[in-house]
Q: 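Below are the C-alpha cells for one structure; questions will follow.
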2 protein chains.
Amino acid sequence: MDNYLDSFFGAISDPTRRAVIERLVHGPAPVSELHAPHDIALPSFLKHLKVLEAAGLVRSIKVGRVRTVHLEAAPLAKAEHWLERQRRIWEGRTDRLAALAEALERQDKPKG
Amino acid sequence: MDNYLDSFFGAISDPTRRAVIERLVHGPAPVSELHAPHDIALPSFLKHLKVLEAAGLVRSIKVGRVRTVHLEAAPLAKAEHWLERQRRIWEGRTDRLAALAEALERQDKPKG
DNA sequence: TGTTTAGTTAGCCACATGGATAACTATCTT
DNA sequence: AAGATAGTTATCCATGTGGCTAACTAAACA
C-alpha cells in the first residue's frame, strides 16, 4: 500500500505524464497521438508511458502496429482518497492555532 | 501551476515524507519528534523536511534551539482538486467502453 | 563554565531519472 | 517487393535523489 502510493505519486509528479493523463481522461489514444504534442523523442516518451503503466495508471493493447493506451481510473481515486483523508483529519482539528501556540509554548518551558 | 504540482506530487511520492505529513495533520511538532520514528540519520531526514518545505507543504519556526514544523493545508487541497477534476472528466464519459471499441476500430480501418 | 541537546552544514557515494541517438522489428500501403 | 509507418530495444549521458559520516553552531542545563 505504501509502495503503491510511491509509484502513483511519482508517476504524476512529472508534467509530461500528467499531460498524458489529462489527455486520456477524454478517451483512449494510440501512442503516436499521445506523443505528438510533446517535444521529446519517441523513445524518451515511451519511458514515460512505461512509468505510467508500471504505476497501474494506464493500460494498453497493441493491435496490428498501433498500441492503444487507456486510463485505469481506480488508482486516481485511491490517491485522491489519501489526500482527502489527510485533509479531513486536518480539518477536524478546529484547535489548530491553539495547537501551534501550545507547541511553541512547550518549547519555552520544556521542563513543564 | 505546472511546476507547482510537480514539486507537490514529487514531495508526497516518498514514504518518509508522506509519513511526516500523516503526523503533521494531527498538529505541529519539533524536528526531533518528527525524526524519531524514522530509521535514517538526522541530516538525511532534514533533507526530506526541506523538500516538503520547498513544495510549500510545510512551514517551520525556530524558537530557541528547537524548530517547530507545521502543515500548510492549501497545497493538499489543490492537489486533491487536480485529481478530482480528472476523475470528474473521466466519469463524465459514460461512453467509455464505446470509446475504447471505437479507438480499436479506428485501427482496423485507418483509411476510414 | 563545561556538557548536553537540537539542529545545521559540508562533502561523499550509489543509483534512479529524463533526455538523446542509432538501429531494429513488424505491419500496412503501393 | 519496396517503402513508409508505428513502435521497440539498446546504449549513452548529465543531473537529481536519498542515503551516509564528520564537524560545526547555538541553546539549555548542571
Side-chain angles (χ1 to χ4, degrees), chain A residues 2-3 5-20 28-55 57-70 103-112, chain B residues 2-3 5-20 28-55 57-70 103-112:
Chain A
D2 225 38
N3 245 323
L5 290 173
D6 283 12
S7 61
F8 178 88
F9 285 127
I12 62 172
S13 73
D14 180 278
T16 299
R17 291 191 294 256
R18 275 202 311 284
V20 169
V31 168
S32 50
E33 185 187 323
L34 292 172
H35 171 235
H38 302 284
D39 201 21
I40 63 178
L42 220 214
S44 311
F45 182 75
L46 278 190
K47 281 194 194 174
H48 287 298
L49 285 187
K50 272 172 192 159
V51 171
L52 289 171
E53 201 147 7
L57 258 163
V58 128
R59 236 171 259 191
S60 64
I61 332 158
K62 192 165 183 179
V63 174
R65 56 184 173 169
V66 0
R67 176 177 298 279
T68 295
V69 183
H70 64 276
L104 293 173
E105 181 68 10
R106 247 181 291 136
Q107 294 180 185
D108 284 341
K109 34 178 179 179
K111 269 302 153 67
Chain B
D2 225 38
N3 246 326
L5 290 172
D6 283 13
S7 61
F8 177 88
F9 285 128
I12 62 171
S13 73
D14 180 279
T16 299
R17 294 193 292 256
R18 274 201 313 283
V20 169
V31 168
S32 49
E33 185 187 323
L34 291 173
H35 171 233
H38 301 283
D39 200 21
I40 62 178
L42 219 215
S44 310
F45 183 76
L46 278 190
K47 279 195 195 173
H48 286 298
L49 286 186
K50 272 173 191 159
V51 170
L52 288 171
E53 201 148 8
L57 258 162
V58 129
R59 236 169 260 191
S60 64
I61 331 157
K62 191 165 182 177
V63 175
R65 56 183 172 169
V66 1
R67 177 178 296 279
T68 296
V69 184
H70 64 274
L104 293 173
E105 181 68 11
R106 246 183 291 136
Q107 294 179 186
D108 284 343
K109 34 178 178 177
K111 270 301 154 69

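Chain naming here is simple, since letters A, B, ... match the order of the sequence lines and numbering starts at 1 in each.
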Q: Take A/His48 and A/Val20, measure what side chain to side chain contact (heavy atoms under 4.5 Å, CB included) needs, and give me the verdict at the end.
A: CA-CA 9 Å; A/His48 287 298; A/Val20 169; 5.9 Å; no
Q: Give a yes or no on whether the backbone of A/Ala11 and the side-chain of A/Arg17 come within a donor-acceptor separation of less than 3.5 Å.
A: yes
Q: Look only at the side chain of A/Arg18 and the backbone of A/Ile12, and say whether a donor-acceptor pair between them is shorter than 3.5 Å.
A: yes
Q: How many whole angstroms separate atom CG of B/Leu49 from atom C1' of C/dA6?
A: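 Nearest whole value for this atom pair: 13 Å.
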Q: Who pairs with B/His35 by side-chain hydrogen bond (donor to acceptor under 3.5 Å, both in side chains), at least two apart in sequence or on another chain?
A: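 B/His35 satisfies side-chain hydrogen bond (donor to acceptor under 3.5 Å, both in side chains) with no residue once adjacent residues are dropped.
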Q: Partners of B/Arg65 by salt bridge (charged side-chain N to carboxylate O under 4.0 Å, His left out), sequence neighbours excluded?
A: none
Q: In whole Å, I'd like the distance from the CG atom of A/Leu52 to the P atom of C/dT17.
A: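 One finds 13 Å between P of C/dT17 and CG of A/Leu52, rounded.
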Q: If a protein heavy atom is under 4.0 Å from the base, mark B; if only from the sugar-phosphate, S; if neither, -; do that for nucleotides 6-22 of chain D going 5' to 3'.
A: SBBB--------BBBBB
